[in-house]
There are 2 protein chains.
Amino acid sequence: MASIKDVAALAGVSVATVSRVLNAHPGVRPGTRTKVLHAVSELGYRPNGVARSLRTHQTRTLGLVIGDVLNPFFTELARSVEDAARSRGYSVIIGNADEQPALQDHHVRTLLDRRIDGLLVSPTDGDVGALRDAVETGIPVVFVDRWLHGVDVPVVRADGRRAVHRLVAHLHALGHRRLAIITGPAATSTSTERVGAFREALRAFGLALPAEYVAQGDFQTASGRQAAAAFLDLPEPPEVVFATDNLMALGVMEELRSRGLRVPRDMALAAFDDIPWFLHTDPPLTAIAQPTADLGHSAVQVLTDLAEGRGAGSVTLSARLTARRSCGEDEGSRR
Amino acid sequence: MASIKDVAALAGVSVATVSRVLNAHPGVRPGTRTKVLHAVSELGYRPNGVARSLRTHQTRTLGLVIGDVLNPFFTELARSVEDAARSRGYSVIIGNADEQPALQDHHVRTLLDRRIDGLLVSPTDGDVGALRDAVETGIPVVFVDRWLHGVDVPVVRADGRRAVHRLVAHLHALGHRRLAIITGPAATSTSTERVGAFREALRAFGLALPAEYVAQGDFQTASGRQAAAAFLDLPEPPEVVFATDNLMALGVMEELRSRGLRVPRDMALAAFDDIPWFLHTDPPLTAIAQPTADLGHSAVQVLTDLAEGRGAGSVTLSARLTARRSCGEDEGSRR
DNA sequence: GCGACGCGTGGAAACGATTACATCGCCTTA
DNA sequence: TAAGGCGATGTAATCGTTTCCACGCGTCGC
């Protein structure tokens, strides 16, 4: 593969001059310029990004470490992050942590080794060694969606408290009184926020949240299914289950279906995170929708601001409730 | 950030020695070795991957360019690719082409500039300038799922012909005679294969495929919806629609729902690509499932074999039919 | 007792770019 | 006419590694 030296030789100039025309530096005579350009296209020359990065100390690459790519929420987040990054001239390397701290650590570490310009992470619970190291090395880090206590970096997220409150009101209005929740891993911020808001809202409506109505999940399908099974085996099963993410809601549906039960007749269901498929499930699922694309864009905004030396702070957007039929009949929602 | 020089200085050895212990070269005295290791952990030193890549001419990075990350098939593919790559010590950079040749070109170009060790692509139709350049530069390229005529690289894919034939047999057995299809972009190989197999199977059953029963889509939701609308507006609409990917099937469901029609009563529906959500749609969707994870693993296998100088050829796996209720009642599938 | 050999280590040249600094005409100006 | 300045270009250092080669020294065989 041709290098800058080959171009210089062919154009009959020095490498410095080639570099100058390639980087649009002023003060290159038009004639020289075209000579160089000719040589470039003649050789099909493309600058070696690795060499450039070594010299300039920037890779124009952002890292994104997420809990689970297969979760449509994260997929969409990743997509919007990539879009925003590209429009600013950055590439992004996605690390899929699969909700495992060890894998998250691995990804953060490799990204750091690659000297990315900034790191976007939706942290999983647990050991955060690499993450803390990252912050300490001074590389820009921004949390998106989830965050970690004690790690002081900007957070871009959607506040779900109000939407959860609306959801509970909706459920209450439909006559439900026994509400259960499936949480995420204990230490993920989103999970604690959602559970907290749920508990608070229940209290506001004078409802109890017995311990057996709180199941701990891990944001994955299987755990939703197990939680549903446990609820169903209770002497007095809940009337509604609120799954704090979409995959666990899917798990609940799987369990209900396998027992021949129907939503919402036998058990109502609502989820955090709205996705296109929820419109077409049987029945369409009531969900709390996050402004996912905005989340991704803002996160990149904040991160690149940091990476390019402009200051930047946290951003909080808000989520909203989309009521469908999975919690029971509302006015006119059935056609 | 500490460099190898700092480590060398602290350990009182030369950089060459440090490099040797870091790369597990033989012939370093145990004492020296521990001195170096001490210095490394003292400084929290991590080798600079960029410099290393420049020197060794390998980045331990693979590129993956796909049609659409939001398509669950590709999401799963990306995930399995990443898994397989990681287990072999590679990272992967995903480029989302959004089914646009120009974007695909952009990604291929940037990946090449980053000097990735190998490129996995599920090519979109159209201009393939960058792709051809890539092949010409000699960098290992492997097609996965889709491929391009006239570009001679290994292809890892699932053969859907047999499964499509089974699907048609299934539909025929259920009494359907007016079958329609929604294709992908004309020049994607998967689309032509699927359409070809469909047409052939119809012929085998003595059924016609009138031109108005063939709608051209682009593998995205909206086009599925438009196609469904066109079919429904026909004087004699088809009894079944076969969408050649899952997002277009979603579009068909959207259109039917918006018109107050039901599957399969008013129109039956089958899709290529099976995904977890299809179990829970209303009704569960009949689909042709690809061995997605195997596809990803094989693709990485082939690509790394190429990248590491071992020869490698194409791989063809096969897809299979998963019949559910969206095409009408079968024996015992309704509980 | 001396050359050959091997082992552990260091010095320095790459890799391919960017960029500070030097150089060299040539034009302007006093 | 000579000095100064400026615009265009070249030279070389540098980024942080890996790796080839050389070197010093102890051991072995003759």
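All values reported here derive from a predicted model rather than from experimental measurement.
Between A:Ser3 and C:dG16 there is no side-chain N or O to OP1 or OP2 distance below 4.0 Å. Under 4.0 angstrom from either OP1 or OP2 of D:dT9 there lies at least one side-chain N or O belonging to A:Arg29. Residue B:Arg52 places no side-chain N or O under 4.0 Å from the OP1 or OP2 atom of D:dG16.
Of all heavy-atom pairs between B:Ser14 and B:Ala8, the closest is C-CB, 3.7 Å. A pairwise comparison of heavy atoms in B:Val156 and B:Ser298 identifies CG1-CB, 3.8 Å as the closest pair. Heavy-atom minimum distance, B:Ser80 versus B:Thr292: OG-O, 3.8 Å.
A 6.0 Å sphere centred on CZ of A:Arg109 holds more than 12 heavy atoms belonging to other residues, nucleotides or ligands. More than 12 heavy atoms of other residues, nucleotides or ligands shown are found within 6.0 angstrom of NE2 on A:His25. Heavy-atom contacts from other residues, nucleotides or ligands closer than 6.0 Å to CD of A:Glu42 number 12 or fewer. Open room surrounds CG on A:Asp152; 12 or fewer heavy atoms of other groups in view lie less than 6.0 Å from it. Surrounding CZ of A:Arg86 are more than 12 heavy atoms belonging to other residues, nucleotides or ligands, all under 6.0 Å away.
Distance CZ (B:Arg33) to C1' (C:dT9): 16 Å, rounded to an integer number of Å. Nucleotide D:dG16 holds its P atom 9 Å from the CG atom of B:Asp6, rounded to whole Å. Atoms CG (A:Leu43) and P (C:dG16) sit 14 Å apart, rounded to a whole Å. Residue A:His57 contributes atom NE2, which lies 11 Å from atom P of D:dT17 at whole-angstrom precision. What separates NZ of A:Lys5 from C1' of C:dT18 is a distance of 14 Å, to the nearest Å. In this structure, A:Gln58 atom CD and D:dC15 atom P are separated by 17 Å, rounded to whole Å. When rounded to the nearest whole Å, the span between CZ of A:Arg114 and P of D:dT17 equals 15 Å. When rounded to the nearest whole Å, the span between OH of B:Tyr45 and C1' of D:dG16 equals 7 Å.
For A:Val13, the side-chain atoms get nearest to D:dG10 when compared with the rest of D:dT9, C:dA17, D:dG10. In the set D:dT17, D:dG10, C:dC15, the nucleotide with an atom closest to the side chain of B:Leu54 is C:dC15.
Salt-bridge annotation for A:Glu82 and A:Arg88: absent, with no side-chain N of the basic residue lying under 4.0 Å from a carboxylate O of the acidic one. A salt bridge links A:Arg79 to B:Asp98: at least one charged side-chain nitrogen sits closer than 4.0 Å to a carboxylate oxygen.
Counting any heavy atom pair closer than 4.0 Å across all strands shown, A:Val50 reaches no nucleic acid atom. Across all strands shown, A:Thr32 has heavy atoms under 4.0 Å from sugar-phosphate atoms exclusively, and none from any base.
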Protein proximity profile, nucleotides 19-28 of chain D - base contact B, sugar-phosphate-only contact S, no contact -, cut-off 4.0 Å on heavy atoms: BB--------
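Taking the C1' atoms of five terminal pairs at each end of the helix from C:dG1-D:dC30 to C:dA30-D:dT1, the two resulting helix axes are inclined by 60°, rounded to 10°.
Counting heavy atoms from C-beta outward, B:Val142 and B:Val302 have side chains that approach closer than 4.5 Å.
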Provide a list of protein-nucleic acid N or O atom pairs under 3.5 angstrom, restricted to nucleotides 22-25 of chain C.
none

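Side-chain atoms of A:Arg114 and B:Thr61 include a donor-acceptor pair closer than 3.5 Å.
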